Peer 1: 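There's a structure below that I have some questions on.
The chains referred to below are lettered A, B, ... by the order of the sequence lines, with proteins before strands, and numbering in each begins at 1. Please read all numbers here as calculations on a predicted model, not as lab measurements.
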Amino acid sequence: MSINGKPKFAMYWAASCGGCEIAVLNTHEKILDIDTNFEVVFWPIAMDAKYNDVKAMEDKSILLTLFNGGIRNTENEEVANLLRRKSQILVAFGSCASEGCIPGLANLSSLSDIFNASYQSASTVNPDNVAPKTSVSVPEGEIHIPAMFPALRPLDQVVSVDYYMPGCPPESHQISRVIDLVIKVISKEADLPPIGSVIGAGESTVCDECPRHRDVKTIKQFVRVQDIDKINADLCLLEQGIPCNGPASRSGCGALCPKSGAQCIGCYGPAEGVLDFGARMITALASVIESNEPSEIERILEGIPDPVGQFYRFNLANSLLRTGTAAWRNNASLKE
Amino acid sequence: MTSYLFYPGCSMETSAKAYYESLIAVKKTLGLDLVEIDDWNCCGATEYLGINLIPAYALISRNLALATQQANGSRTVVAPCSACYLNLAKADHYMLERPELGEKVNLALQAGNLFYKPGSLEIRHLLDILINDVGLEEIKSKVKKPLRGIKVAPYLGCMVPRPDYKKRWSDHEHPDELDRLLSALGAEAIDFPLKTHCCGGHMPQISPSTAFELIRRLLHGADLYEADLLVTVCPMCQMNLDAFQAETNRYFHTNYKIPIIFFTQLMGLAFGEDPKELGFGRELVSTEFALSRIGLEIPEPDGSKVQPKRAKKTGLPMPTMPADEEAHK
Amino acid sequence: MLANTAPQTTNPLSTVINPNLRFLEEVSGATAGISRLEMCIQCGTCGGSCPSSTDMEYTPRSIFAMLRAGLREEVLSSNTPWICVSCYHCVVRCPQEVHIPDVMYTLKSMAIRAKLYKDATAPDFSMTFVDMVETYGRSFELGLATRHYLKHFPLRLPSMAPMGLGLLSKQRMEITPHRIEGINQLKAILQLAKELEAIE
Amino acid sequence: MTNFTTSNGNKERIGVYVCHCGSNIAGTVNVEEVAAWVRTELEGLGVLISRDYKFMCSSLGQELIQNDIKELGLTRIVVGACSPHLHEQTFRTACRRAELNPYLCELVSIREQISWVHTDKDQATEKSKAVIAGGVYRVVHHQPLEPLHVPIHPATLVVGGGIAGIQAALELADAGYPVYIVEREPSIGGHMAQFDKTFPTLDCAACILTPKMVSVGSHPNITLLTWSEVRQVEGYVGNFTVTIQKKARYVNDEFCTGCAICQEKCPKKVIDEIYEAGLGYRKAIYTPFPQAVPKYPVIDRQNCIYFQKGTCKACEKFCPTNAIDFTQEDELVTVNVGNIILATGYDLFDARRVSQYGYGRLANVFTSLEFERLSNAAGPTNGDIVLRDGVTVPKTVGIVHCVGSRDRNFNNYCSVICCMQGLKFAHIVHERTGATVYNFYIDMRTAYKAYDEFYQRVLEEGTLFVRGKVAEITDAARLPGEEGKLIIQVEDTLAGKQRRIPVDMVILSSGLEPRSDAKDLAKLFGISCSADGWLIEKHPKLDPVATMTEGIFIAGSVQGPKDIPTSVAQGAAAAARVLGRIQQGEIAIEPILASVDAEKCSGCRICNGLCPYNAIVFHDDRNVTEINPALCQGCGTCIAACPAGAISGTGFSDTQILAQIDGLLLLNAE
Amino acid sequence: MSDAFEPIIIGFTCNWCSYRAADLAGTARVKYPANIRLIRLMCSGRIDPTFVLKAFASGADGVLITGCHPGECHYIEQNYKALRRYLLLKRSLTQLGIEAGRVKLVWASAAEGVRLADEITKMVEQVKTLGPLNWPKWEGFFDDEIHSLVEIPEEVSA
Ligand SMILES: Cc1cc2nc3c(=O)[nH]c(=O)nc-3n(C[C@H](O)[C@H](O)[C@H](O)COP(=O)(O)OP(=O)(O)OC[C@H]3O[C@@H](n4cnc5c(N)ncnc54)[C@H](O)[C@@H]3O)c2cc1C
Ligand SMILES: Cc1cc2nc3c(=O)[nH]c(=O)nc-3n(C[C@H](O)[C@H](O)[C@H](O)COP(=O)(O)OP(=O)(O)OC[C@H]3O[C@@H](n4cnc5c(N)ncnc54)[C@H](O)[C@@H]3O)c2cc1C
Ligand code: SF4
Ligand code: SF4
Ligand code: SF4
Ligand code: SF4
Ligand code: SF4
Ligand code: SF4
Ligand code: SF4
Ligand code: SF4
C-alpha cells in the first residue's frame with residue numbers, strides 16, 4: 001500500500017481529445033479533494049510517470065482508475081490491460097472510453113483511407129510523402145511505434161469495466177458528484193453501485209431535463225439549426241425541424257445544448273436499457289415524419305444529409321454493428 | 001421578368017410566320033423574355049417516331065440537351081407548336097418512365113458530347129405560359145381594343161391537351177383555357193364542341209381523303225356554330241384548315257370560307273398593335289370580313305349583350321358544372 | 001417444342017395455326033415508354049374515338065387482338081398505323097392506359113423494316129421528311145412537298161398549284177433549306193443512335 | 001452498455017415437440033434429427049426434453065405434452081408444427097389443462113413455412129432446427145399472461161339507414177335488443193327509396209321498402225336518430241361511448257303530425273340534389289319524400305328565407321299544431337353500445353368527370369339516378385320519361401355502361417349493379433315509351449340468380465346491344481340525320497367498325513363510389529379503407545361483415561358495390577354476428593398490449609400521435625405519457641418508436657424478438 | 001468460402017397480412033428457397049431498426065420487412081410508419097456500407113402467397129449476387145496475427 005496510507009488514483013488518456021482531462025481540472029477546488037484523499041500514482045498529463053512504474057506495482061494496488069479514450073492501437077490496448085490488472089475500480093471515463101465517441105466515427109473508413117486523409121489530403125503539407133512506420137531504424141537501433149487496429153473499440157470491448165461515466169466530456173458537476181461518492185465509499189459512508197452501472201449521469205433522457213415546451217410531434221421538414229432564421233426559444237427544437245438527439249440521450253448534462261438553443265447531439269450516450277442509440281433515433285424521428293408518400297418522405301429525409309453522423313456521432317463503436325464495412329473489408333482483404 | 005428557353009420549331013420560320021411575328025409583337029407587351037435555344041434542330045414531327053425509335057428520341061433530346069446547357073437558371077422550355085411541345089414533353093416523359101430508353105438516348109448523345117437528364121426541364125406550351133404564368137388579369141389589363149363583336153371558335157387541336165403527361169390542362173376533351181383567354185380579349189368564344197378534335201395532321205400528304213374529311217368536320221362545325229373565325233394554337237392546324245380549305249371544298253363540293261388565325265394574332269389586335277406587324281395577310285382564307293366586324297364600332301347599349309339566362313322553363317333542372325360552381329363563389 | 005416438330009404445311013390457315021405468339025412482346029418491347037399492350041380488354045374505346053378509323057383496314061382495337069393472336073404479317077401490312085393521325089384521343093380515353101399511338105409508331109417502323117406496307121405513300125413521306133431533317137437538321141417543306149407530291153400525287157399538283165404559289169408568295173415557304181450549324185454533331189448522334197437501335 | 005445476452009441459465013425447464021404431421025412435415029424434414037439436435041444443442045438453454053410425434057395436434061399428442069408438463073415440471077413449451085394461425089389455440093389450451101399458463105407455449109411453423117414450400121430435405125431440416133432454436137430462445141422470455149375479458153353492452157349502434165342498415169336494425173330489435181340508428185338525412189331509406197322498380201323481379205321499390213321503414217319507425221327497441229351524425233367514438237368492443245350530433249330540425253316532433261301543410265306553403269323552392277338526384281325540387285322545409293320515416297320535416301337552414309333574410313315564417317304561420325320552432329339548436333347526445341354496424345352505403349360516380357360524355361353540358365344526357373327519378377311515378381315528372389325540356393318523349397335512347405367503372409382513369413373496379421340496372425332501364429324505357437333502345441357495354445355482367453334470365457327478357461323485347469365502350473357523346477352533327485340529336489360514337493367491336501348512332505336521350509350507368517367521406521368515417525371508427533376507398537372487411541370470403549377492429553361490423557354497399565339482395569343479406573349477417581356477441585355476454589381478447597414505464601418516459605411526445613386508436617395519452621401535469629390498455633390493440637408501433645425505450649409490450653417484447661433473432665442465426669454463428 | 005453461397009435472410013412479417021401470405025404460400029405449396037427465416041410480429045409498425053441491425057450483426061446476409069399494403073393495414077396506418085423507418089434506415093445502412101439490396105420492404109396481402117414467395121425468391125437471388133455480408137466476428141478480429149499485418153498501407157508511403 002501507499003506510504004501515507006491514502007488510496008491510489010490513476011488517470012489515463014488513450015485515443016481521445018484530452019477534453020476529459022480538462023473536465024477533471026475544470027472541477028476547480030474539487031481537484032484538491034482528489035489530492036487530499038488520494039495518492040495520484042499515474043496521470044501522464046499531470047505528472048511524470050513511466051509505464052514501467054505502473055508495471056512494477058502490485059496487482060489491484062490502484063483503487064480508482066479513470067480511463068478516458070478508446071482503443072485505437074496496440075499501445076492503448078497494452079495500457080488498458082495493464083491498468084485493468086493494477087486497478088480495483090476501472091471507470092470508462094467519458095464518451096470515448098464508454099462508447100467510442102468521435103474517434104469511433106473513423107470506423108466508417110478503412111485504415112488506408114484514414115492514412116490518406118491524414119498524410120495525403122490537400123489539408124496536409126507533405127511534399128516528401130512522409131508517413132509513419134511501425135518501426136524505423138536509426139543509428140541507435142530499431143524504434144517501434146504502436147500499430148493501428150483496423151477499428152476503434154471502446155474500453156469494455158478490450159477489458160472488463162466496472163463503471164461508465166458518459167459525456168463528451170463528463171460535466172464537471174457530475175465528476176464532482178462521483179468524486180464525492182468515492183470518498184464516501186472510502187470512509188464507509190456509502191456503498192458502491194452495482195458493477196456495470198452508469199455513474200455521474202441521470203436515468204432518464206435529455207428531454208426530461210429540457211425546459212422546452214412540447215406538443216404532439218409531426219415533422220414536415222428537417223432543417224439545420226444554422227439554417228433557421230428565428231428559433232422559437234421555448235418550443236422543442238425537434239418540433240421546429242431541428243434533428244435533436246435529446247429524446248434518446250441519457251440525462252445528466254442538464255440539457256445544456258437545447259437550453260442554449262442548439263440541438264442535443266447525444267454526447268451522454270443512450271438512455272438506460274437502449275441497445276443501439278442510432279436505431280432508436282432513426283425509429284423515433286422517422287415515425288413522426290408527416291407523410292405516407294415514399295417520394296415525399298424521401299424529400300423530407302434529404303434534410304438529414306448525414307444520417308450516420310447524426311445518429312451515431314458518439315456511439316458508432318458501441319453500436320450493434322460497431323463499424324461500417326469499410327473498416328473491416330479493407331483489412332479482410334489485406335489478410336488474404 | 002421571368003426568362004424562358006424558347007424552342008420555335010421549324011414551321012415558325014416558314015408556314016407559321018404569322019404566329020412568329022405576332023408572338024414577337026405581343027411578347028413585349030406581356031414582358032415575356034424568350035431566349036431561343038441555340039442551333040436547335042427539328043423535333044421530327046410525327047414522322048421520325050414512326051421510323052426509328054432511338055434516333056427519333058435522340059433527335060428530340062439533342063434540343064433538350066442544348067437547352068440544359070443554356071439553361072442558366074431557367075428550367076422551362078416553351079414551345080409554341082403543338083407537335084414540338086408534345087415531342088419534347090414525350091421524350092422527357094418516356095425517358096423517365098423507361099430508364100433504358102433514357103440510357104440509350106444518352107449514349108447516342110455522347111457522340112455529340114451532349115447529355116440530358118430526364119426530368120430536369122419543364123416543357124410547356126406557349127398558351128400554358130400565358131394562362132398560368134402571365135395570367136388572364138395581366139392580359140386583360142393590356143387590352144386596349146376589346147374585340148367586341150366577333151365570334152371566335154377556339155380551336156386547340158390534339159396535341160396540346162393530350163396526352164398531357166403533367167396534368168396541366170383543365171380537361172382533355174373540353175379544356176377552357178383558350179376560351180377564357182379569348183373572353184379576356186373581349187371576343188365572344190363560342191362553345192365549340194370540336195375544339196380538341198383532329199385537323200388531319202400529316203394526312204394531306206398521306207391519305208388526302210382522310211384529311212379532307214377531318215378538315216371538313218371542323219369547318220362544318222365552325223359554320224354550324226356561326227363562328228366568324230377559328231383561332232388556333234398550332235401551326236399544323238392552321239396550315240391544314242387554311243391551306244387545304246380550298247382543296248377540301250373542291251373535294252366535297254362545299255364552299256366554306258372560314259379563316260383561321262393564331263391566338264397571338266388576336267392578342268396583338270386587342271393590344272392595339274398594327275395588323276401588319278401581326279402577320280395578317282399571310283393566311284390564304286381571307287380574314288377581311290371577320291376583321292371588319294371588329295373594325296366596326298358596334299353601337300350597343302351597355303348590358304344588352306348579357307348572355308341569355310337559361311330559359312325559365314317548366315322542364316327539369318340541369319346539373320351544375322364545376323365551372324358554374326366556381327362562378328357562384 | 002411443338003413448333004419444331006410441326007410439319008411444314010401449305011394449309012392457308014397455317015399462319016393462324018402457327019402464329020407468332022411472341023409478336024405482342026416484340027412490339028411492346030420496341031415501344032417507347034411502357035406500352036401496357038397486354039392489358040387491352042378489347043373495349044373498343046380507341047376504335048370508337050379514332051377520327052380516322054373509318055379509313056383503317058382494322059380499327060386499333062382489332063389490331064391489338066391480331067397482335068395477341070400473333071398475326072404478324074396481317075398487322076404489319078395493314079394501313080392502320082399509317083392512317084393514325086396521332087390525335088391522342090384514344091390514349092386519354094383508353095380505360096387500360098394502353099399507349100396506343102406509340103404502338104402505332106412501333107408498327108410503322110417494323111413495317112418499314114419488314115417491307116410489309118402495301119402503300120408506299122406514307123412510308124415514303126416519312127422517310128423523305130427524315131432525310132431532309134438528317135441533311136439539314138430542319139425540315140424543308142418546299143423540297144419535301146415537291147418531292148413527295150411529284151412521286152405520289154402528280155394528279156393533285158394542278159389543283160395544288162395555287163396553294164403552293166399562295167404559300168410562296170406569302171412567304172410561308174422557303175425556297176432554300178436552312179441548315180443548322182451543328183449538323184455534323186447531329187449526324188454523329190443519329191449515326192450512333194441507329195447503331196444502338198440495331199443492337200437490341 | 002453490455003451487449004444483449006439471451007441465455008438466462010438453466011432456470012427454465014423447456015419441452016420441445018416436433019410434429020411429423022403424417023408425411024406433411026416428415027416427408028421433407030428429418031424430424032427425428034431435428035428433435036435429437038434440439039435435445040443436445042439447446043440443453044444449455046434449459047431444454048429438458050425434445051420429442052417427435054406423428055400428429056401433435058391429435059388428442060394423444062396433446063396428452064403427451066400435458067403429461068410431460070406434469071411429470072417433468074416443464075415451465076416452457078415449444079411446438080414445431082403447423083402455422084400458429086391454425087393450432088396456436090390448441091396447444092395453448094393443452095397447456096392450460098396441464099396448469100401451465102398458455103402464453104408460455106410457442107408454436108413455430110415448420111409446415112406452411114418449411115415442408116410445404118421447400119424441396120431439399122437437408123435444407124429443410126437445417127431450417128427447421130433454426131426456427132425451433134428461434135422459438136426456444138424466444139420462449140425463455142415469455143411472460144405468463146391472462147386474456148382480457150370484456151363485458152358486452154346489449155345495445156347496438158347502426159350508422160346509415162339504407163336497406164342494409166334497416167335490415168340489421170330490425171333483426172337485432174326483433175331479437176329483443178336495443179338499437180340506435182343514426183341517419184344523416186331527414187329520413188331513412190337510402191338509395192333504394194329513390195328507385196321505381198328493382199331488378200331482377202321488378203318489384204316496386206316503395207312497396208317492399210316502405211313496410212320495413214315503418215317497422216323501424218315504430219319498433220319499441222329502435223331509437224331513430226335521423227338528421228344526425230356521429231361525431232365521436234370512444235371506448236372499445238363491448239362498451240363504446242358514441243357522441244351523436246342531432247342537427248336542429250326546427251320542427252318539434254312532439255307536436256308535428258306530418259300533415260305537410262308547411263311544405264306546401266313554404267315559398268322557397270330548392271333543387272333537391274340528394275333525393276331527387278338534382279332532377280327535381282323540394283322546399284326549404286321538407287321531408288325528402290311522402291313516405292319518409294320519420295314523417296316530421298326539417299328546415300334546411302341554408303335555404304330557409306327566414307334564416308337567411310330574417311323574415312318569412314310562412315310555415316310557422318300555417319302550421320296547425322304550432323310545431324315549428326325556430327329556436328331549436330343542434331344537440332349532442334351520448335349513447336353506450338356494445339357493437340357498431342356501419343351501413344352508410346355509396347355515392348354515385350360523378351359523370352361530369354368523363355367529359356367526353358357531355359353530362360352537364362348536353363341537356364339530354366342523364367345519370368342513372370336521374371333516370372330512376374324520371375321513371376318514378378312519385379318523381380318530378382310523375383313517371384313520364386321525357387327529355388330535359390319536360391315534355392318531349394324520346395324516340396331513341398342510348399344506355400351507356402361502365403361509366404367511371406373498369407377504367408383506370410377513374411375507378412378500376414366493376415360496379416357490379418350497373419349492367420343489371422342498364423337492362424332494367426332498357427326494359428322500362430321500352431315498356432313506357434316504345435322507344436328504340438341501345439345498350440352499349442363492354443361485358444354483360446349478369447351473374448346471380450335470375451339475372452341472366454332478365455337479360456334474355458330484355459333481348460327478347462328488342463333492345464339493341466352494341467358491344468363497345470362508348471367513345472364520345474356529342475351534339476356536333478357531321479352526317480345527315482344527326483342534326484339536333486345526340487350522337488353516340490362507338491366502335492361496334494363485334495362488327496369491327498366505328499358507328500355513330502344518333503339518339504334523343506342518353507342514360508349513363510354511372511358506377512358506385514365510396515362515400516366522399518368514407519375515409520373520415522373509417523378513421524372515426526378506427527377501421528381501414530382499401531386503396532379504392534371501400535371499407536375493408538376482416539376476410540373477403542370468410543368474414544365479410546366483421547372488421548379488423550373488434551366490435552365494429554360493416555354491411556351493404558359501404559363494403560363495395562352491391563345489389564339489394566346482397567346488401568340485405570349482409571345486414572342480416574352483421575346482426576347475427578352482433579347477436580352472438582351479445583348472447584355470450586363477454587368477449588376474451590388477446591392480452592397483447594403496450595405500456596409505458598413512467599420512470600423512463602421523458603415526455604418527449606414522439607409516441608403521442610402514433611396510435612390510431614388514441615390509446616396514448618399525455619399527462620401535461622406530470623410530463624409523462626400513458627397508454628390506456630382498454631384502447632390499445634397491441635400493434636407495437638409505439639414500442640418501436642419510443643426513443644427512450646420507455647414503452648414495452650407483452651407477447652412481442654424486444655427481448656423476445658432479439659432472442660429469437662439469435663436463435664434463428666445460431667446455426668450460422670459458429 | 002464455398003462456391004454455393006447460401007445467404008441467410010431474416011424476414012419480419014405482420015400477423016395479419018404477410019404472415020398469412022406466407023401461410024397461404026404453404027397451403028398452396030408454392031416453392032421458394034429455404035434461405036429465409038420469418039419472425040412474426042403483430043404489425044409492420046412493430047419493426048424497430050434495432051431488430052434489423054441485430055440480425056445483420058448476428059450473421060444475417062439480408063433482411064426482409066413485410067406488411068399489409070398501404071391503406072390496408074390491420075392497424076389502419078401503422079405500415080406507413082414502417083415505411084418511414086425503412087427509408088431512413090436504408091439511408092443509414094448504405095452509409096455504413098451495407099448495400100441497399102440487403103434490406104427490402106415488401107407489401108403482401110393475405111391473399112398474395114405467390115407474390116410473397118416470388119419476392120422472397122427475388123431477394124435471395126439478389127443477396128446471392130451481393131455475396132456474404134461477413135460481418136466480422138469481433139473477438140478474433142483483433143488478433144495479433146491480423147493487426148500485425150495492418151501496418152502502414154502501401155499507397156501512403158509510396
Ligand atoms: C341507379 C341505380 C339503380 C339501382 N337499382 C337496383 C335494383 O334495381 N336492384 C338492386 O338490387 N339494386 C339496385 N341498385 C343498388 C342499390 O342501390 C344498393 O344495393 C343499395 O341501395 C345499397 O344499400 P345500402 O343500405 O348499403 O346503402 P344506401 O342505400 O346508400 O344507404 C346508406 C344510408 O346511409 C346514410 N348515410 C351515409 N353516410 C352517413 C353518415 N356518415 N352518417 C349517417 N348516415 C349516413 C345515407 O343517407 C343512406 O340513407 C341500384 C343502384 C343504382 C345507383
Ligand atoms: C370448380 C369450382 C371452383 C370454385 N372456386 C371458387 C373460388 O375460387 N372462390 C369462391 O368464392 N367460390 C368458388 N366456387 C364456388 C363455391 O364452391 C361455393 O360458393 C361454395 O362452395 C358454396 O358453399 P355451400 O356451403 O353453399 O355449398 P356446398 O359446398 O355445396 O356444401 C353443401 C354441403 O351439404 C351437403 N349436403 C347436400 N345435400 C345434403 C342432404 N340432403 N343432407 C345433408 N347434407 C347434404 C353436401 O354434402 C355438402 O357438404 C367454386 C365452385 C366450383 C364448382
Ligand atoms: S429540444 Fe431536444 S431535448 Fe428538448 S424536448 Fe425537444 S427533442 Fe427533447
Ligand atoms: S445536450 Fe446532449 S450533446 Fe449537449 S451536453 Fe447534453 S448530452 Fe451532450
Ligand atoms: S381503348 Fe384501350 S383497352 Fe379498349 S380496346 Fe383500345 S387499347 Fe384496348
Ligand atoms: S391517336 Fe391514332 S389511333 Fe388513336 S385515336 Fe388518334 S388517330 Fe386514332
Ligand atoms: S310542421 Fe306543422 S305543418 Fe309541417 S308537417 Fe308538421 S304539423 Fe304539418
Ligand atoms: S356491372 Fe356492368 S356496367 Fe357496371 S361496371 Fe360492371 S361491367 Fe360495367
Ligand atoms: S416516446 Fe417514450 S419517452 Fe417519449 S413520450 Fe412516448 S413513452 Fe415517453
Ligand atoms: S401498441 Fe399500437 S395500439 Fe397499442 S398504444 Fe401503441 S400504437 Fe396504440
Peer 1: Which of parallel (below 30°), tilted (30 to 60°) and perpendicular (above 60°) describes D:F371 and D:F425?
Peer 2: tilted
Peer 1: Please work out which of the three classes, parallel, tilted or perpendicular, describes the rings of C:F140 and C:Y136, given edges at 30° and 60°.
Peer 2: perpendicular
Peer 1: Looking at D:A471, D:G496, D:C402, which has the largest count of heavy-atom pairs under 4.5 Å with chain C?
Peer 2: D:A471
Peer 1: Do D:M505 and D:L387 make a side-chain contact, defined as non-hydrogen atoms from C-beta onward lying under 4.5 Å apart?
Peer 2: yes
Peer 1: Measure up the D:F440 and D:Y438 rings against each other and bin them: parallel (under 30°), tilted (30 to 60°), perpendicular (over 60°).
Peer 2: parallel
Peer 1: Below 4.5 Å, heavy-atom pairs only: which of C:R61, C:E97, C:M39 has the largest tally toward chain D?
Peer 2: C:R61
Peer 1: Against chain D, work out which of C:T54, C:V92, C:T59 has the most heavy-atom pairs shorter than 4.5 Å and name it.
Peer 2: C:T59
Peer 1: Out of D:N409, D:I442, D:D443, which one racks up the most heavy-atom pairs below 4.5 Å with chain C?
Peer 2: D:N409
